Amino acid sequence: MRFAEELGTSHGRRLRRGVLDDGRAVFVKSGPASDVLVSEAAGLRWLGEVAAVPEVIEAEPDRLVLAWVGEERPDRAAAERFGRMLARMHRAGAGRFGAPWPGFIAELPMDNADAPDWATFYGERRVLPFLRAARLPASDVALVERAVARLPEVAGPAEPPARIHGDLWSGNVLWSGGQGVLIDPAAHGGHRETDLAMLDLFGLPQLDRVLGAYREEWPLAEGWRERVPVHQLHPLLVHVVLYGGGYRDSLMAAVRRVLAL
């Protein structure tokens, strides 16, 4: 393989475009050996059973090689196709909440151990560990803990574990070949509303069309829009941990909305 273009870095890893001996273009992410890239590859392969993802060509602790995805602007049909695909992916399900591989979001570890229900999994495996790492004032911590205590009441109707991307912001959706292609997952068995809340948090082109097609494919439980801030607690805490207090106001606004449910 020869390298054709440097693409910068992300979370301490070098990003490059390469060309294999057979002429195929590839995306290469490399860096210190860890479980991060192997976990990413496992998630891509799992999601790829039912959704569009880049082909995993090589996965080693220090290097991940994926088929190159050429990007284009999404149109109405692509947005609707993506919504239907996302619904089918979620509906494919998971054997349990969590996953059999180590969990990561960016470089931050996540506990993928099972839990008896989603509210327990989300509170104990996703929200509270990042709350402890966020170094927030004691008054903020107390409010987040109150919101976590309310999760069983505000989580909505019980659903079986969905097959979710887990870090589905707009930068992790590449538009190619008339559809959305998923990259950089933190994949696990979770709640399908989590992926939709993440898309809402940071925006996505033609999100209304995506959601409309999703709901035609698999209707959402009543009250799903009001539960959006519940599912945004984790990604907002992640951003506080990674980038500092600039995300504190958004986090605490979501906490207050959860407490008001």
Side-chain angles (χ1 to χ4, degrees), residues 43 46-47 86-87 89-105 108-134 136 139-169 185-202 211 214-215 218-241 247-248 250-261:
W46 185 55
L47 298 180
L86 196 60
M89 181 184 84
H90 288 163
R91 203 166 198 170
R96 60 177 176 85
F97 295 109
W101 50 77
F104 292 91
I105 189 163
L108 303 176
M110 295 193 300
D111 185 354
N112 272 341
D114 195 8
D117 54 67
W118 179 78
T120 301
F121 175 83
Y122 187 63
E124 296 184 0
R125 309 280 192 266
R126 293 295 181 264
V127 179
L128 292 178
F130 289 89
L131 176 62
R132 290 190 286 269
L136 291 167
S139 57
D140 290 354
V141 171
L143 285 175
V144 177
E145 288 176 339
R146 280 179 55 196
V148 170
R150 292 211 64 211
L151 287 175
E153 304 170 46
V154 302
E159 293 194 357
R163 187 173 305 209
I164 73 170
H165 180 282
D167 189 14
L168 195 57
W169 70 289
H188 63 280
H191 199 300
R192 60 188 177 129
E193 291 176 11
T194 296
D195 275 348
L196 304 183
M198 188 75 163
L199 290 175
D200 179 79
L201 181 60
F202 296 112
L211 293 175
Y214 183 105
R215 294 168 67 194
W218 189 15
L220 290 156
E222 184 177 353
W224 69 273
R225 288 191 183 276
E226 289 72 26
R227 289 190 293 273
V228 165
V230 172
H231 296 271
Q232 292 179 343
L233 296 178
H234 173 239
L236 286 169
L237 274 166
V238 169
H239 278 70
V240 172
V241 173
Y247 285 92
R248 173 186 171 272
S250 296
L251 168 66
M252 299 315 297
V255 169
R256 287 189 290 271
R257 289 168 64 195
V258 171
L259 292 174
L261 289 175

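Treat the numbers as computed from the prediction; the structure is a model and nothing was measured.
With sequence neighbours left out, the side chain to side chain donor-acceptor pair (under 3.5 Å) criterion links H90 to D195, Y214. Listed by chain and number, the residues in a side chain to side chain contact (heavy atoms under 4.5 Å, CB included) with P219 amount to none (sequence neighbours excluded). With sequence neighbours left out, R125 forms a side chain to side chain contact (heavy atoms under 4.5 Å, CB included) with D111, A113, A115, F121. Qualifying side chain to side chain contact (heavy atoms under 4.5 Å, CB included) partners for A197, counting only residues two or more places apart in sequence or in other chains: V228, H231, Q232. Residues that satisfy the salt bridge (charged side-chain N to carboxylate O under 4.0 Å, His left out) test with D140, not counting sequence neighbours, are R248. In this structure W46 satisfies the ring-ring contact (aromatic ring centres under 6.0 Å, His included) test together with W101, sequence neighbours excluded. Residues passing the side chain to side chain contact (heavy atoms under 4.5 Å, CB included) test with P229, sequence neighbours excluded: A254, R257, V258.
Of all heavy-atom pairs spanning P185 and L47, the tightest one is CB-CD1, 3.7 Å. For the pair A187 and A99, the tightest heavy-atom approach, listed with the atom from each and the gap, is O-CB, 4.1 Å. When all heavy atoms of A162 and A94 are compared, the closest pair comes out as O-CB, 4.1 Å. The heavy-atom pair separating G123 from P129 by the smallest distance is O-CD, 4.2 Å.
Using a 4.5 Å heavy-atom threshold, the side chains of V127 and Y122 count as touching. V255 has its side chain out of reach of L236: every pair of non-hydrogen atoms, C-beta onward, lies at least 4.5 Å apart. At a threshold of 4.5 Å between non-hydrogen side-chain atoms, the residues V238 and D167 do not count as touching. Looking only at side-chain heavy atoms (C-beta outward), M110 and F130 come within less than 4.5 Å of each other. Side-chain contact between T194 and M198: absent, with no pair of heavy atoms (C-beta onward) separated by less than 4.5 Å. Contact check for L233 versus V144: no side-chain heavy atoms found under the 4.5 Å cut-off.
Applying the salt bridge (Lys or Arg N to Asp or Glu O under 4.0 Å) definition to pairs two or more places apart or across chains, none involves residues 114-124. Each salt bridge (Lys or Arg N to Asp or Glu O under 4.0 Å) pair with one or both residues in residues 222-236, not counting sequence neighbours, appears once here: E193-R227. Applying the salt bridge (Lys or Arg N to Asp or Glu O under 4.0 Å) rule to pairs touching residues 89-105 yields nothing, sequence neighbours excluded. Listed by first then second residue, pairs satisfying salt bridge (Lys or Arg N to Asp or Glu O under 4.0 Å) with a partner in residues 146-164 read E49-R163, R150-E153, E159-R192, not counting sequence neighbours.
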>> As a quick check of understanding, evaluate side chain to side chain contact (heavy atoms under 4.5 Å, CB included) for L237 and L136, giving each step before the final call.
In response: CA-CA 10 Å; L237 274 166; L136 291 167; 4.2 Å; yes
> Taking it one step at a time, do H234 and I105 satisfy side chain to side chain contact (heavy atoms under 4.5 Å, CB included)?
Replying inline: CA-CA 11 Å; H234 173 239; I105 189 163; 4.0 Å; yes
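Distance check: H239 NE2 to W169 CH2 gives 7.5 Å after rounding to the nearest 0.5 Å.
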